[in-house]
Q: 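The structure that follows is given in the form of structure tokens.
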Amino acid sequence: MASLSGLASALESYRGRDRLIRVLGYCCQLVGGVLVEQCPTRSEVGTRLLVVSTQLSHCRTILRLFDDLAMFVYTKQYGLGAQDEDAFVRWVSVLGNLADQLYYPCEHVAWAADARVLHVDSSRWWTLSTTLWALSLLLGVASLPDYWQHPHGAFVTTDAPPWIRHHPKSLWMLLKLRQRLRSPTAPFTSPLPRGKRRAMEAQMQWEALSLLSNLADLANAVHWLPRGVLWAGRFPPWLVGLMGTISSILSMYQAARASSQAEATTP
């Protein structure tokens with residue numbers, strides 16, 4: 001009963017609902033793609049699942065019409081970053097925020113063009129929004145700051161940057177933490193306390209999961225770019241679904257763990 005209540009509470013929140021829609025959409029694409037490609041007798045069921053996946057992605061695209069202000073508030077609050085923050089992380093974070101901020105209006109224009117609200121070429125705007133998403137993910141893999149938790153999912157099958165995504169410090173932070181843990185103890189200094197060491201190991205695990213999540217999304221982002229760019233257009237539907245499912249499950253796990261930690265530290 002407690003787990004059911006927890007699920008209901010999560011669905012009451014915008015982000016909780018968004019995460020569930022995202023994972024369901026990618027799971028439908030994964031299963032539908034496998035059925036269409038590997039099981040001719042179940043191809044009709046697979047096709048229907050792919051249609052459901054497309055509609056769920058479209059739903060999330062419409063919901064993102066209201067994310068611009070939230071992204072702007074975060075970008076404004078972050079500014080140029082804290083002075084005591086790692087300089088590389090700070091400036092890459094600023095670039096990541098800029099890519100995220102520009103992504104939303106580009107996607108909105110593409111959506112409006114597909115809906116025939118605007119008379120422009122939607123494919124160019126989808127390409128631009130996907131490029132900004134890929135850039136945001138690439139910067140996230142290199143090094144981005146901690147902020148909310150995201151997933152995105154653009155019209156049809158694309159997925160994009162979220163302002164509400166725990167953009168981790170990922171690779172840069174992971175390497176720095178590993179170096180600190182493995183470096184020999186300097187003379188006249190005491191080893192790290194056990195509690196601090198465990199906290200650093202937990203953060204390393206968090207950054208590793210975030211890195212895997214970003215890499216899975218980045219693989220899909222490149223796939224949705226115009227043909228001729230690396231592996232663009234070469235993924236079958238089931239592989240797109242697999243990458244998205246991995247990313248979505250990792251994000252949901254991190255969100256659940258962050259929530260439980262917050263409750264544990266709340267007096």
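All values below come from the heavy atoms of this structure, side chains included, with hydrogens, waters and symmetry mates left out.
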Q: Quick check for you: to the nearest 0.5 Å, what is the distance between L211 atom CG and L250 atom CG?
A: 10.5 Å
Q: Got a second to check how far F72's CZ is from Q77's CD, nearest 0.5 Å?
A: 10.5 Å
Q: Measure from the side-chain N and O atoms of R19 to the backbone N and O of M252, and report whether any donor-acceptor pair falls under 3.5 Å.
A: no
Q: Please check: side-chain N/O of W231 versus main-chain N/O of A219, any donor-acceptor pairing under 3.5 Å?
A: yes
Q: Would you please classify the geometry between the Y104 ring and the H108 ring as parallel, tilted or perpendicular, with 30° and 60° separating the classes?
A: tilted
Q: Keeping T130 on the side-chain end and T127 on the backbone end, is there a donor-acceptor pair under 3.5 Å?
A: no
Q: Would you name the heavy atoms of D100 and S136 that are closest together and state the gap between them?
A: OD1-OG, 2.7 Å
Q: Taking the hydrophobic residues Ile, Leu, Val, Met, Phe, Trp and Tyr, and joining any pair whose side-chain heavy atoms are under 4.5 Å apart, which ones share a cluster with L50?
A: V36
Q: Please enumerate all residues that pass side-chain contact (heavy atoms from CB on, under 4.5 Å) together with V229, with sequence neighbours excluded.
A: L225, A232
Q: Quick one: closest heavy-atom pair of R227 and G233, and the distance?
A: NH2-O, 3.0 Å
Q: Could you go through E107 and W125, starting from their C-alpha distance and side-chain angles, then the distance that decides it, and tell me whether this counts as side-chain contact (heavy atoms from CB on, under 4.5 Å)?
A: CA-CA 7 Å; E107 186 192 49; W125 289 96; over 6 Å; no
Q: Looking at residues at least two apart in the chain, or sitting in another chain, which of them share a ring-ring contact (aromatic ring centres under 6.0 Å, His included) with H223?
A: F235
Q: Considering residues at least two apart in sequence or located in another chain, which fulfil the salt bridge (charged side-chain N to carboxylate O under 4.0 Å, His left out) criterion with R124?
A: D121
Q: Find out if a path of hydrophobic residues (ILVMFWY) with successive side-chain heavy-atom gaps under 4.5 Å connects L102 to V73.
A: no
Q: Please report the shortest heavy-atom distance between A99 and L135, naming the atom on each side.
A: CB-CD2, 4.1 Å
Q: Output yes when a side-chain donor or acceptor of S248 lies under 3.5 Å from a complementary backbone atom of G244, and no otherwise.
A: yes
Q: Are side-chain heavy atoms of R17 and L20 found at a separation under 4.5 Å?
A: no
Q: Between L239 and P236, is any pair of side-chain heavy atoms under 4.5 Å apart?
A: yes
Q: Is S247 reaching over with its side chain to a backbone N or O of M243, donor-acceptor style, under 3.5 angstrom?
A: no
Q: Quick one: do S122 and D114 satisfy side-chain hydrogen bond (donor to acceptor under 3.5 Å, both in side chains)? Show the steps, please.
A: CA-CA 6 Å; S122 66; D114 282 340; 2.8 Å; yes
Q: Would you call Y78 and T75 a side-chain contact if the rule is heavy atoms closer than 4.5 Å?
A: no
Q: Closest heavy-atom contact between V109 and V120?
A: CG1-CG2, 4.1 Å
Q: Share the residues that join V31 in a hydrophobic cluster, the rule being Ile, Leu, Val, Met, Phe, Trp or Tyr side chains under 4.5 Å apart at the heavy-atom level.
A: L35, V45, L49
Q: Which heavy atom of C27 sits nearest to which heavy atom of T245, and what is that distance?
A: N-OG1, 3.6 Å
Q: In Å, rounded to the nearest 0.5 Å, how long is the span from CH2 of W238 to CD of E37?
A: 7.0 Å
Q: Is there a path of hydrophobic side-chain contacts, each under 4.5 Å between heavy atoms of I, L, V, M, F, W or Y residues, that connects Y26 with Y253?
A: yes
Q: Should Y74 and W91 be regarded as members of a common hydrophobic cluster, given that ILVMFWY residues are connected when their side-chain heavy atoms come within less than 4.5 Å of each other, either directly or indirectly?
A: yes
Q: Same cluster or not: L69 versus F66, using hydrophobic residues (I, L, V, M, F, W, Y) connected whenever any side-chain heavy atoms lie under 4.5 Å apart?
A: no
Q: Can you measure from CG (L242) to CD (Q29) and round to the nearest 0.5 angstrom?
A: 10.5 Å
Q: What's the spacing between I21 CD1 and S53 OG if we round to 0.5 Å?
A: 12.0 Å
Q: Going by the rule salt bridge (charged side-chain N to carboxylate O under 4.0 Å, His left out), which residues pair with E44 if we only count those two or more places apart in sequence or in a different chain?
A: R48
Q: Could you grab the distance from atom CH2 of W111 to atom SG of C106, nearest 0.5 Å is fine?
A: 15.5 Å
